[in-house]
Number of protein chains: 2
Amino acid sequence: MKSVNLKELALQLNLSISTVSKALNDSYEITPETKRRVQELADALHYQPNPYARSLRKQKSKTIAVIIPEIANNFFTLAINGIESIARQHGYHVLIYLTHEDYQKEVEITQLLQNGRVDGVLMSLSSNNNENEHLYDLHKKMLPLVFFDRVFEDLEAAKVTTDDYESGYKATAHLIEQGCRRIAHLAIPKDLSIGKKRMQGYMQALNDHQIPVQEDLIIACTDNQQMNYAFIRELMERKDRPDGIFASVEKLAINTYQACAELHIPIPEEVKVISFANLETAAFLNPSLTTITQPAFEIGKQAASILFEAIKMKNIKNHYSILKSVLIKRKSTGC
Amino acid sequence: MKSVNLKELALQLNLSISTVSKALNDSYEITPETKRRVQELADALHYQPNPYARSLRKQKSKTIAVIIPEIANNFFTLAINGIESIARQHGYHVLIYLTHEDYQKEVEITQLLQNGRVDGVLMSLSSNNNENEHLYDLHKKMLPLVFFDRVFEDLEAAKVTTDDYESGYKATAHLIEQGCRRIAHLAIPKDLSIGKKRMQGYMQALNDHQIPVQEDLIIACTDNQQMNYAFIRELMERKDRPDGIFASVEKLAINTYQACAELHIPIPEEVKVISFANLETAAFLNPSLTTITQPAFEIGKQAASILFEAIKMKNIKNHYSILKSVLIKRKSTGC
DNA sequence: CTGTTAGCGCGTTCAC
DNA sequence: GTGAACGCGCTAACAG
């Protein structure tokens with residue numbers, strides 16, 4: 001507990017506290033010889049400046065916050081990976097907060113960060129997002145803020161996403177090329193930016209191929225996996241069930257596989273599936289699964305880089321970066 | 001940036017700073033009426049105490065650190081989930097650090113935490129762990145420290161794990177009951193506590209069933225997935241290939257499935273696989289996969305709870321909690 | 001019941 | 001080139 005501080009060093013060196021401080025900060029007004037003496041003792045005693053005293057004095061915390069809806073999600077874990085690596089590079093620390101898709105928690109968390117605890121915030125929105133006053137509050141505090149993946153379009157802030165509209169379009173077009181005509185979309189909430197865009201891509205692709213959009217083929221999924229599963233199973237039990245499925249997140253693809261297995265519907269012979277998926281696992285679900293892989297790690301890195309730039313420049317950025325996803329077709333290796 | 005502070009409140013209320021402070025901290029020596037007035041203005045101005053000033057004064061940071069080897073790993077994401085929920089419950093903040101299985105990074109990170117930045121540390125060790133001086137250093141600082149999953153046995157500290165020995169034993173015994181006689185073990189490094197214990201369980205089960213241990217059926221895997229895959233493929237290409245596989249982590253099971261698919265070896269007809277796995281995904285890899293599911297969320301919660309107890313009591317605990325894993329057998333639903 | 005004072009550890013004037 | 005003094009914002013001890 002009793003850690004060495006400047007006072008302790010000053011005492012042992014017969015110097016004043018401020019001299020020691022300057023020496024350690026390599027001030028030009030200190031003799032090289034003195035610097036050496038100070039540095040030597042500091043090393044010997046393993047001196048480390050108290051981060052909170054320093055933060056108080058410099059009004060800088062060397063800490064950023066990452067707010068995400070959930071963590072048991074490959075996209076977010078990869079993104080955190082990227083964020084952490086950039087943060088470490090800048091000598092920054094990373095606080096993590098989970099909203100569990102709960103709007104109330106999201107509000108609470110943003111309020112925790114209004115008091116200078118962090119120098120900047122990286123954020124991916126939860127669904128159930130009706131009001132957004134808490135985001136405007138953050139913005140008013142002039143706290144650098146970068147959205148990634150699930151962004152809030154209305155706010156002047158930096159945003160980093162993947163090409164969700166384009167991916168949704170390509171995914172749907174791919175199924176159409178495969179001969180599918182009754183393509184279902186397992187959709188995530190429309191109040192999420194990514195949900196909306198993926199849906200728009202889906203719709204546009206159908207339109208461009210003169211296939212009418214059927215409302216009953218669009219399944220509005222939520223974070224309740226059991227309900228999702230029930231909906232999907234119901235969908236596959238219909239007489240006029242879809243011949244193609246565009247799943248907007250990996251979990252929904254997994255649910256689909258399970259439902260089809262239980263109903264003895266062979267994939268991909270009778271139903272073709274394409275899904276967003278970011279780690280190898282999905283590829284092994286069924287070697288025939290076509291996946292759309294997002295550059296999650298890159299997104300994390302880029303979002304963090306933009307944040308640090310904003311912190312350094314003390315201004316709020318208003319970029320909109322869109323990174324490309326990759327559509328990976330796999331050959332079925334049989335069973 | 002300019003945030004309201006006690007001084008500001010005191011000024012507007014014609015009170016002294018300390019009175020305002022006491023009022024907000026609900027001190028018994030302040031009149032209810034004054035408390036109300038203070039609280040009212042504080043609410044109106046959205047006053048929030050500066051966390052760093054408070055930390056400096058109270059020598060408490062309300063922050064803990066979580067150090068883990070990697071995050072793209074279902075066990076750790078679930079554990080973080082548990083940790084975060086308990087931390088929030090205690091009004092604590094969570095800093096996250098990734099070692100990427102790199103010993104040097106682990107040392108650097110532990111050094112970052114020696115200066116009072118955090119009130120306690122939750123840690124799961126990286127492999128390549130030869131020396132452990134950095135852990136003794138942490139311990140000497142009297143910083144509450146709780147290991148989870150990958151623990152360091154030699155240190156007097158709290159440790160929370162699953163029943164890895166028992167799980168390894170049961171997994172192997174299960175394969176033996178299924179008729180397997182040539183059982184391979186895809187092992188993680190022995191310098192990890194969990195690797196050692198799972199291996200011991202494997203060996204003991206073989207011994208108890210009079211099956212000789214064959215060194216060439218024990219594959220020493222690392223965090224290099226490509227090499228792991230090469231080893232596994234080589235294993236399955238042998239004429240006398242194993243009829244059962246005990247994978248010590250989920251990724252190795254996935255590698256096995258891929259190798260078998262490429263070599264046209266049917267699972268589970270010719271090779272039976274059992275693996276540690278903590279999220280639903282693995283179950284859908286192949287419905288026949290038997291999994292050992294660890295209570296990762298519970299481990300995170302329990303580790304965090306013990307840590308907070310230690311922080312509160314200002315003493316170092318020396319528990320050793322072992323939580324039970326669950327072996328889940330699934331029926332093959334065919335293909 | 002309220003105010004004055006001191007100091008947590010550090011960095012930054014400003015004298016000397 | 002060095003040191004004394006102040007303040008970042010807050011809490012705690014002591015007066016009154």
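In what follows, chains carry the letters A, B, and so on, assigned in the order in which the sequence lines appear, proteins first and then strands, with residues in each chain numbered from 1. Computation of the quantities below employed the complete heavy-atom set of this structure, encompassing side-chain atoms and omitting hydrogens, waters and symmetry-equivalent molecules.
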Exercise. Nucleotide by nucleotide, 5' to 3', does protein get under 4.0 Å of the base (B), only the sugar-phosphate (S), or neither (-) in nucleotides 1-8 of chain C, counting heavy atoms?
Worked result: BBBB-BBB
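If you measure from atom CG of A/Leu11 to atom P of D/dG3, you get 13 Å, rounded to the nearest angstrom. To the nearest angstrom, C1' of D/dG9 lies 20 Å from NZ of B/Lys60. Rounded to whole Å, the distance from CG on A/Leu6 to P on D/dG3 is 13 Å. Computed from coordinates, the B/Asn25 CG to D/dA13 C1' distance equals 15 Å when rounded to whole Å. In this entry the distance linking CG of B/Asp26 with P of D/dT11 reads 13 Å, nearest Å. Atom pair B/Leu9:CG and D/dG9:P shows a separation of 12 Å (rounding to whole Å applied).
Of the side-chain N and O atoms in B/Tyr52, none sit less than 4.0 angstrom from OP1 or OP2 of D/dT11. For D/dG9, neither phosphate oxygen OP1 nor OP2 lies less than 4.0 angstrom from any side-chain nitrogen or oxygen of B/Tyr47.
Between B/His90 and B/Phe308, the ring-plane angle classifies as parallel under the 30° and 60° cut-offs. Ring geometry for B/Tyr103 versus B/His134: interplanar angle over 60°, hence perpendicular rather than tilted (30 to 60°).
Checking side-chain atoms of A/Lys60 against main-chain N and O of A/Leu56 turns up no donor-acceptor pair under 3.5 Å.
Between B/Lys301 and B/Glu84 there is no salt bridge, since none of the side-chain N atoms of the basic residue sits less than 4.0 Å from a carboxylate O of the acidic one. Using a 4.0 Å cut-off between charged nitrogen and carboxylate oxygen, B/Arg37 and B/Glu33 do not count as a salt-bridge pair. Salt bridge annotation for A/Lys140-A/Glu133: absent, with no cationic side-chain nitrogen under 4.0 angstrom from a carboxylate oxygen.
Across its full length, the helix from C/dC1-D/dG16 to C/dC16-D/dG1 shows an angle of 50° between the axes of its 5 terminal pairs at either end, rounded to 10 degrees.
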Problem set entry | side-chain contact (heavy atoms from CB on, under 4.5 Å) evaluation trace for A/Thr110 with A/Glu108 | CA-CA 6 Å; A/Thr110 55; A/Glu108 283 168 22; over 6 Å; no
For this session: Check the pair B/Thr63 / B/Arg117 against side-chain contact (heavy atoms from CB on, under 4.5 Å), numbers first and verdict last.
Result: CA-CA 7 Å; B/Thr63 306; B/Arg117 185 176 289 275; 5.8 Å; no
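Aromatic ring centres of B/His319 and B/Phe147 lie farther apart than the 6.0 Å criterion allows.
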